[in-house]
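What follows is a single structure, written as structure tokens, with notes after it.
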Amino acid sequence: MKAEGDFFKMVFEVVKLVPKGRITTYGAIANYLGTRSSARMVGWAMNKAHSQTEDIPAHRVVNRNGMLTGKYHFGNPTMMEALLKKEGVIVKKDIVVDFKKKLWDPTIEL
DNA sequence: CGTGTGACCGGCG
DNA sequence: ACGCCGGCCACAC
């Protein structure tokens, strides 16, 4: 694994590694990073992702319910659903359909 | 150096 | 089944 200091960079790495049409959860990433109890840090890192110059597909990251919790952070709440839909992920009432099936867990996949 | 905050999660009432 | 509360860690002010 990498250095701990690059916690949030690592989050971006994982998020960027998420295959198109798949989604992951904050908890999964947190667990992968070893901070299982502190999934908030993952979400919080995503907040910082807005500042990053790299394009972080944060729309592929949802909470464990499969709900688009961070959609309000995209500028327009509709953007997140639109992006997901574009990638083949069906979103209904802010919830990802077949979320469990499309879930891409780094701890399992990697 | 101390305090606050956060796109969450899991457990308990 | 639903709602509330605490925990946990990193970063900004």
Side-chain angles (χ1 to χ4, degrees):
Chain A
M1 298 313 194
K2 285 139 185 155
E4 321 110 19
D6 296 281
F7 170 80
F8 93 36
K9 185 152 191 188
M10 205 166 157
V11 175
F12 302 142
E13 286 289 306
V14 176
V15 174
K16 285 196 284 190
L17 283 172
V18 176
K20 191 178 172 191
R22 298 285 170 126
I23 51 179
T24 187
T25 69
Y26 301 98
I29 297 171
N31 190 7
Y32 175 67
L33 298 179
T35 57
R36 161 191 68 118
S37 318
S38 306
R40 311 174 127 197
M41 308 299 81
V42 179
W44 182 72
M46 292 281 94
N47 192 349
K48 280 293 164 190
H50 211 282
S51 248
Q52 301 300 307
T53 42
E54 311 185 54
D55 47 315
I56 313 296
H59 57 274
R60 294 185 191 154
V61 186
V62 295
N63 69 350
R64 70 175 190 89
N65 285 317
M67 182 163 125
L68 313 182
T69 51
K71 70 176 201 166
Y72 295 104
H73 283 261
F74 279 82
N76 284 4
T78 51
M79 188 159 73
M80 192 167 179
E81 309 182 21
L83 287 167
L84 286 170
K85 257 188 185 179
K86 212 187 232 182
E87 300 191 353
V89 179
I90 312 301
V91 178
K92 187 148 199 167
K93 285 156 175 75
D94 302 346
I95 311 294
V96 176
V97 179
D98 291 328
F99 148 74
K100 209 171 180 181
K101 262 194 258 190
K102 305 195 184 229
L103 177 62
W104 184 84
D105 194 326
T107 55
I108 296 170
E109 303 291 337
L110 308 180

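Numbers restart at 1 for each chain; the letters A, B, ... are given by sequence-line order, proteins then strands. Computed from a predicted model, the values in this text were never measured in an experiment.
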Just the atom pairs and distances: protein N or O near nucleotides 9-13 of chain B's N or O, under 3.5 Å.
unit_1 : atom_1 : unit_2  : atom_2 : d
B/dC9  : OP1    : A/Arg64 : N      : 3.1
B/dC9  : OP2    : A/Arg64 : N      : 3.3
B/dG10 : OP2    : A/Arg64 : NE     : 3.3

Report the distance from atom [atom1] of [X] to atom [atom2] of [N], rounded to the nearest whole Å.
X       : N      : atom1 : atom2 : value
A/His73 : B/dA7  : NE2   : P     : 4 Å
A/Trp44 : C/dC13 : CH2   : C1'   : 12 Å
A/Ile95 : B/dA7  : CD1   : P     : 17 Å
A/Gln52 : B/dA7  : CD    : P     : 17 Å
A/Leu33 : B/dC8  : CG    : C1'   : 14 Å
A/Tyr72 : B/dA7  : OH    : P     : 13 Å
A/Phe7  : C/dC11 : CZ    : C1'   : 11 Å
A/Asn47 : B/dA7  : CG    : P     : 6 Å

Nonpolar side-chain network containing A/Val91, other nodes, edges under 4.5 Å: A/Ile23, A/Val62, A/Leu68, A/Phe74, A/Met79, A/Met80, A/Leu83, A/Leu84, A/Val89, A/Val96, A/Phe99, A/Leu103
Side-chain ([X]) to main-chain ([Y]) donor-acceptor, under 3.5 angstrom:
X        : Y        : result
A/Thr24  : A/Trp104 : yes
A/Lys102 : A/Ile90  : no
A/Arg60  : A/Val18  : yes

Looking at every strand, decide which applies to A/Lys71 at a 4.0 Å heavy-atom threshold: base, sugar-phosphate, or nothing. nothing
Considering every strand and a 4.0 Å limit on heavy-atom distances, what is the contact class for A/Ala45: base, sugar-phosphate, or nothing? nothing
For DNA chain B, which residues of residues 74-92 of chain A approach it to below 4.0 angstrom with any heavy atom? A/Phe74
For the side chain of [X], counting heavy atoms from C-beta on, which of [options] is nearest?
X       : options              : answer
A/Ser38 : B/dA7, C/dC8, C/dA10 : C/dC8
A/Phe8  : B/dA7, C/dC11, C/dC8 : C/dC11
A/Thr69 : C/dA10, B/dA7, C/dC8 : B/dA7

d(A/Met10 CE, A/Leu17 CG) to nearest 0.5 Å is 10.5 Å
OG1 of A/Thr107 to CG of A/Asn31: how many Å apart, nearest 0.5 Å? 5.0 Å
Looking at side-chain heavy atoms only, is the closest gap between A/Glu54 and A/Phe12 below 4.5 Å? no
Decide yes or no for A/Val15 and A/Met46: does some side-chain heavy atom of the first lie under 4.5 Å from some side-chain heavy atom of the second? yes
Strictly by modelled atom types, are A/Thr78 and A/Asn76 linked by a side-chain donor-acceptor pair under 3.5 Å? no
